[in-house]
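Written out below as structure tokens is the structure these notes cover.
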Amino acid sequence: MTNAIKTPEQIAKMRTAGRLAAEVLEMIGDYVVPGTTTEALNQRCHDHIVNVQKAIPACLGYRGFPKSICTSVNEVICHGIPSENKVLKKGDIINIDVTVIKDGWYGDTSKMYCVGKPAPHAERLVKITQECLYRAIDIVRPGTTLGDIGHTIQQHAESNYYSVVKDFCGHGIGDEFHSEPQILHYGKPGTGQILEQGMTFTIEPMLNAGKPGSKVLRDGWTAVTVDRRLSAQWEHTMAVTANGVEILTARNEESF
Ligand code: MF3
Ligand code: CO
Ligand code: CO
């Protein structure tokens, strides 16, 4: 579907899907502990989505992706594939990215978890990346441009000596997983498309501790930093309202 503006009824369906995706992230937190595997986390999320939520894990089978969530540990930027061989250890940082389809509509969200106590430099990267998402969300309203969003993220990242990943971006979302427009996490103020009430999209900044470059491993999915230094990502799905934004994937721990 090419119509980027959603009706209130359509946004209501996205609110339901978004809430379910957020609930998966709330549910899984207690299980992100040393010694578990990313496949065990995948199975728990899959079972919750399918059996409890009676919903569909959008990642499973999407362009051949083999699992129900993405699990991206340490130097993995995004699209990490859960595996029984990937055992989490103290000090790891992991992004879990969940997309749920309910009644034909999508909710897409991710957060970072620390396994045990993180090193101060890892904790700082995680925190600044979350601040980039929150600062971008703060300016979303009718009249803001996509360049304003990208600039806000890039400015906060680079002023903290981190780099913004340019090879992946946020996206329009609705009754399709990925649609126009692309939401770049870098840019110039006042440039690009102007936001309007009823637009729905994700913002999902990825920040690297070192160089911004990425490389996809031979599994065809796992994107890692070129210098193998740490990367972090946070994601929300949102709708532009008359005066601001509604976060469709907000968790109870957040206050918007
Ligand atoms: N959830 C990811 C996003 O934020 C997309 C994952 S696609 C998959 O857009 F195939 F890797 F699951
Ligand atoms: Co997304
Ligand atoms: Co996602």
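Just so you know, these numbers come straight off a predicted model, no measurement behind them. We count ligands from 1, going down the list as the structure has it; atoms in each ligand are counted the same way. These values consider heavy atoms only, across backbone and side chains, with no hydrogens, waters or symmetry-generated copies.
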Pair R124-N160, side-chain donor/acceptor within less than 3.5 Å: yes
Residue shell around ligand 1, heavy atom under 4.0 angstrom: C59, Y62, F65, C70, H79, D97, T99, D108, H171, F177, H178, E204, W221, E235
N, O or S from H178 under 2.8 Å to the Co ion (ligand 2): no
Flag for N208-T225: side-chain donor and acceptor within less than 3.5 Å: no
Polar protein atoms (N, O or S) that approach the Co ion (ligand 3) to under 2.8 Å: D97 OD1, D97 OD2, D108 OD1, E235 OE1
Nonpolar side-chain network containing V73, other nodes, edges under 4.5 Å: L20, V24, L25, M27, I28, Y31, V32, L41, I49, I69, L88, I94, I96, V98, V100, Y113, V115
Side-chain donor-acceptor contact under 3.5 Å, T202 with D108: no
Ion pair E23/R19, N-O distance below 4.0 Å: yes
Distance-minimising heavy-atom pair for K166 and P212: NZ-CB, 4.2 Å
Set of side-chain hydrogen bond (donor to acceptor under 3.5 Å, both in side chains) partners for K67, sequence neighbours left out: E39
Mutual orientation of the aromatic rings belonging to Y62 and W221 [parallel < 30°, tilted 30-60°, perpendicular > 60°]: tilted
Side-chain H-bond candidate by donor/acceptor type, H171 with Q182, under 3.5 Å: no
Nearest-0.5 Å distance, NZ of residue K102 to CD of residue Q53: 7.5 Å
